[in-house]
Participant: 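Right, I'll just put the structure down here and ask away after.
Everything numeric here is computed off the predicted structure, so don't read it as measured data.
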Amino acid sequence: MCEKIKISVGVVTFNSENEIDILMPSLKNSNLFNETEVYVVDNASSDNTANLISEKYSWAKLTRNEKNIGFGRAHNIIIREVKSKYHLIINPDVKISSDTLEKSMEFMDNHPDVVLMTPYIMNIDGTQQFLPKKNPSFKYLFGGMFEKQFEFCKRLREEYTMKNENITKFTDVEFCTGAFMFTRTEALKKLGGFDERYFLHFEDADLTRELKKFGRTVFNPEIKITHKWQRDNKKLNKSFFAALNSMFKYMIKWSLKK
C-alpha cells in the first residue's frame, strides 16, 4: 500500500443503484481523496449496482459477493484488507462535504483517546436525524415502533436518541450509527471488526460497545453529513423481525458479559 494513504473507506451495497451516486461523487470531491482508498463490497445485488460501480467509479476496489452475507460480515472483508490509519464505515446513501474526511481525521489526531466518532447527521432537507445514541433495549425497540400511536412510546424514542439533549460539543455516546463510523483502524483490527452473528441491525451498536475497550466513542456535532436514510423497521414486516432477531442476539450477548 502507498504510504500516503491515511484513510480507508468501506461501503457495503445491496440493490443500491439509486443511492451509490449520492456517496461516490462526494468521496471523489474530498480534499483528501488522493490520500484515501475506497473499498466496496456488493452483496449480490439484483440490480445494476455492481456494474455501475465498476464502470463509473473504477477507482474504488470492488468485491462482488455471490450471495448476500449481511452488513457486518461484508464490511469485515474490507477491514481485513485495509492498512490505513483511519477507517470509515459509511452507507451508500450518505453525502459528505469536501472537508468531512479532513475534519474527521484532524479531530481524531487531536483526540488520541477517541477510537470511534460519529457526526451530526441531517436529512436531505437539513433537519437533524436523531439516530440511536443509547444502548439498545427492548423498551426502546417497541417505543420506536409505536411512537406515533402512544405518547409514552414517543418519549422512549426521544430518550433513546437523546433528542431533547442540546449537544453542542463532542460528547461520549453509547451507540454510534453504522451510517458513518470514523474509526482507528488498529483498534478495529484488534477487535476483528463486526460480530458476524448479526445479519442486519444492531451490529453497529455492538461494534460501538466493543470498541469502548480501546477508547472513547463520541458524537461530534461540529462535523455534519447528509443521509437519505428512512427508518423501515417500524411495521411488522421482514425488516422488523430481522431487527427483533438481532436484538435478541444483542441482549443475550451483553447480558452474559455483565
Participant: Sequence neighbours left out, what passes ring-ring contact (aromatic ring centres under 6.0 Å, His included) with His75? Give chain and number order.
Facilitator: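 For His75 the ring-ring contact (aromatic ring centres under 6.0 Å, His included) partners, ignoring immediate neighbours, are Phe71, Phe194.
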
Participant: Can you name the closest pair of heavy atoms from His227 and Leu131 and give their distance?
Facilitator: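 Heavy atoms only, the tightest pair is ND1-CD1, 4.4 Å.
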
Participant: For the residue pair Thr183 and His87, confirm or rule out a side-chain donor-acceptor distance under 3.5 Å.
Facilitator: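 Per modelled atom types, Thr183 and His87 side chains form no pair under 3.5 Å.
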
Participant: Quick one, Ile78 and Val11 - any side-chain contact, counting heavy atoms below 4.5 Å?
Facilitator: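 No. Closest side-chain heavy atoms not under 4.5 Å.
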
Participant: For Cys176, does its backbone N or O pair with a side-chain atom of Thr208 as donor and acceptor, under 3.5 Å?
Facilitator: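 Side chain of Thr208 to backbone of Cys176: a pair is present.
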
Participant: For His201, does its backbone N or O pair with a side-chain atom of Glu203 as donor and acceptor, under 3.5 Å?
Facilitator: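 Yes: the side chain of Glu203 pairs with the backbone of His201.
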
Participant: State, yes or no, whether a side-chain contact exists between Phe130 and Asn164 at a heavy-atom distance under 4.5 Å.
Facilitator: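 No - every pair of side-chain heavy atoms lies 4.5 Å or more apart.
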
Participant: Check which hydrophobic residues are tied to Phe219 through side-chain heavy-atom contacts below 4.5 Å, counting indirect links as well, and list them.
Facilitator: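 Its cluster partners, ordered by chain and number, are Tyr120, Met122, Met162, Ile167, Val173.
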
Participant: Is it the case that the side chain of Lys95 and the backbone of Pro25 share a donor-acceptor pair, with hydrogens and angles ignored and the cut-off at 3.5 Å?
Facilitator: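 Answer holds: no.
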
Participant: Counting only heavy atoms not in Gln149, do more than 12 fall under 6.0 Å of its CD?
Facilitator: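 Yes.
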
Participant: I'd like to know if Glu159 pairs up with Arg155 as an ion pair, taking the criterion as any Lys NZ or Arg NE/NH1/NH2 lying under 4.0 Å from an Asp or Glu carboxylate oxygen.
Facilitator: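 No, Glu159 and Arg155 are not salt-bridged.
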
Participant: Quick check: does any side chain N or O of Asp204 sit under 3.5 Å from a backbone N or O of Thr177, one acting as donor and the other as acceptor?
Facilitator: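 Not a single qualifying donor-acceptor pair exists.
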
Participant: Are a donor atom and an acceptor atom from the side chains of Asp42 and Thr13 found within less than 3.5 Å of each other?
Facilitator: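 Judged by distance alone, the side chains do pair up.
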
Participant: Using 30° and 60° as the class boundaries, would you call the ring planes of Phe182 and Tyr86 parallel, tilted or perpendicular?
Facilitator: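 Ring orientation of Phe182 relative to Tyr86: tilted.
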
Participant: For the backbone of Leu32 and the side chain of Thr36, can you confirm whether one donor and one acceptor N or O come within less than 3.5 Å of each other?
Facilitator: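 Yes: the side chain of Thr36 pairs with the backbone of Leu32.
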
Participant: Dump the intermediate steps for side chain to side chain contact (heavy atoms under 4.5 Å, CB included) on Val38 and Trp59, then the final yes or no.
Facilitator: CA-CA 8 Å; Val38 180; Trp59 39 266; 3.7 Å; yes

Participant: Identify the heavy atoms of Phe202 and Ala243 that sit nearest to each other, and give their distance.
Facilitator: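 So the minimum-distance heavy-atom pair works out to CE1-O, 3.3 Å.
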
Participant: Please list all pairs passing the salt bridge (charged side-chain N to carboxylate O under 4.0 Å, His left out) test where one or both residues lie in residues 210-223, with sequence neighbours left out.
Facilitator: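 Qualifying pairs, neighbours excluded: Asp113-Arg216, Asp172-Arg216, Glu210-Lys213, Glu210-Lys253, Glu210-Lys257.
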
Participant: Go through Lys190 and Phe214 one step at a time and tell me if the side chain to side chain contact (heavy atoms under 4.5 Å, CB included) criterion holds.
Facilitator: CA-CA 9 Å; Lys190 284 182 179 178; Phe214 306 104; 3.9 Å; yes

Participant: Kindly determine whether Glu147 and Leu156 satisfy side chain to side chain contact (heavy atoms under 4.5 Å, CB included), including the steps that lead there.
Facilitator: CA-CA 8 Å; Glu147 63 178 309; Leu156 284 174; over 6 Å; no

Participant: Looking only at heavy atoms, what is the nearest atom pair of Phe14 and Ala44, with distance?
Facilitator: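 The answer is CE1-O, 4.0 Å.
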
Participant: Excluding sequence neighbours, so at least two apart, what forms ring-ring contact (aromatic ring centres under 6.0 Å, His included) with Phe142?
Facilitator: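 Residues passing ring-ring contact (aromatic ring centres under 6.0 Å, His included) with Phe142: none at all.
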
Participant: With a 4.5 Å heavy-atom cut-off, do Ser26 and Ile22 have their side chains touching?
Facilitator: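 No, every pair of side-chain atoms sits at 4.5 Å or beyond.
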
Participant: When you look at CD of Glu186, are more than 12 heavy atoms from neighbouring residues, nucleotides or ligands closer to it than 6.0 Å?
Facilitator: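 Counting neighbours around CD of Glu186, 12 or fewer heavy atoms of other residues, nucleotides or ligands fall under 6.0 Å, so no.
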
Participant: Donor-acceptor check, side chain of Lys134 to backbone of Phe175, threshold 3.5 angstrom: yes or no?
Facilitator: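 Answer holds: no.
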
Participant: Could you pull out the closest heavy-atom pair between Ala50 and Leu62, with the gap in Å?
Facilitator: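 Minimum heavy-atom separation between Ala50 and Leu62: O-CD2, 3.5 Å.
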
Participant: So, do Thr185 and Lys83 sit near enough that their side-chain heavy atoms are less than 4.5 Å apart?
Facilitator: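 They are not in side-chain contact.
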
Participant: State, without any angle test, whether Asn65 and Asn43 hold a side-chain donor-acceptor pair at a distance under 3.5 Å.
Facilitator: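 Present: a donor and an acceptor within the cut-off.
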
Participant: Is it true that, when you exclude Lys154 itself, more than 12 heavy atoms of the residues, nucleotides or ligands shown sit nearer than 6.0 Å to its NZ?
Facilitator: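 Result for NZ/Lys154: open.
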
Participant: If we only count heavy atoms from C-beta on, is the Ile124 to Thr226 side-chain gap below 4.5 Å?
Facilitator: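 Ile124 vs Thr226: side chains touch.
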
Participant: State plainly whether the residues Glu37 and Lys61 are in salt-bridge range, i.e. N to O under 4.0 Å.
Facilitator: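 A salt bridge is present here (some side-chain N lies under 4.0 Å from a carboxylate O).
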
Participant: If we ignore hydrogens and angles and just use 3.5 Å, is the side chain of Asn110 paired with the main-chain N or O of Glu106 as donor and acceptor?
Facilitator: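 Pair found, side chain donor or acceptor close to backbone of Glu106.
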
Participant: Do you know the tightest heavy-atom contact between Gly193 and Ile79?
Facilitator: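 Nearest pair, atom of Gly193 first, then Ile79: CA-CD1, 4.0 Å.
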
Participant: Compare all side-chain heavy atoms of Leu27 with those of Ile96 and state whether any distance is below 4.5 angstrom.
Facilitator: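 Yes, close enough: below the 4.5 Å cut-off.
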
Participant: Give me the atom names and distance for the closest heavy-atom approach of Lys133 to Thr161.
Facilitator: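 Where Lys133 meets Thr161 most closely, the heavy atoms are NZ-O, 3.7 Å.
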
Participant: Considering residues at least two apart in sequence or located in another chain, which fulfil the ring-ring contact (aromatic ring centres under 6.0 Å, His included) criterion with Phe248?
Facilitator: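 Partners of Phe248 by the ring-ring contact (aromatic ring centres under 6.0 Å, His included) criterion, ordered by chain and then number, come out as Phe138.
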
Participant: Indicate whether any N or O donor in one side chain lies under 3.5 Å from an N or O acceptor in the other, for Ser16 and Asp93.
Facilitator: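 Checked: Ser16/Asp93 side chains show no N/O donor-acceptor pair below 3.5 Å.
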
Participant: Within the structure provided, determine whether Met105 and Met108 are in side-chain contact (heavy-atom separation under 4.5 Å).
Facilitator: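 The answer is no, as the side chains (C-beta and beyond) never meet within the 4.5 Å cut-off.
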
Participant: Tell me every residue that passes ring-ring contact (aromatic ring centres under 6.0 Å, His included) with Phe170, counting only those two or more places apart in sequence or in another chain.
Facilitator: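 With neighbours one apart ignored, the set is Phe107, His111.
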
Participant: With a 4.5 Å cut-off on side-chain heavy atoms, are Leu88 and Phe180 touching?
Facilitator: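 Side chain of Phe180 against side chain of Leu88, heavy atoms only: contact under 4.5 Å found.
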
Participant: Under the criterion side chain to side chain contact (heavy atoms under 4.5 Å, CB included), I'd like the reasoning laid out for Ser97 against Lys103: C-alpha separation, chi angles, the key distance, then a yes or no.
Facilitator: CA-CA 10 Å; Ser97 301; Lys103 286 183 176 179; over 6 Å; no

Participant: Donor-acceptor pair, distance only, cut-off 3.5 Å: does the side chain of Thr217 make one with the backbone of Leu116?
Facilitator: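 Flag not set: sc Thr217 to bb Leu116 has no pair under 3.5 Å.
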
Participant: Please confirm whether the backbone N or O of Arg197 pairs with a side-chain atom of Asp195, one donor and one acceptor, at under 3.5 Å?
Facilitator: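 Yes; at least one donor-acceptor contact below 3.5 Å.
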
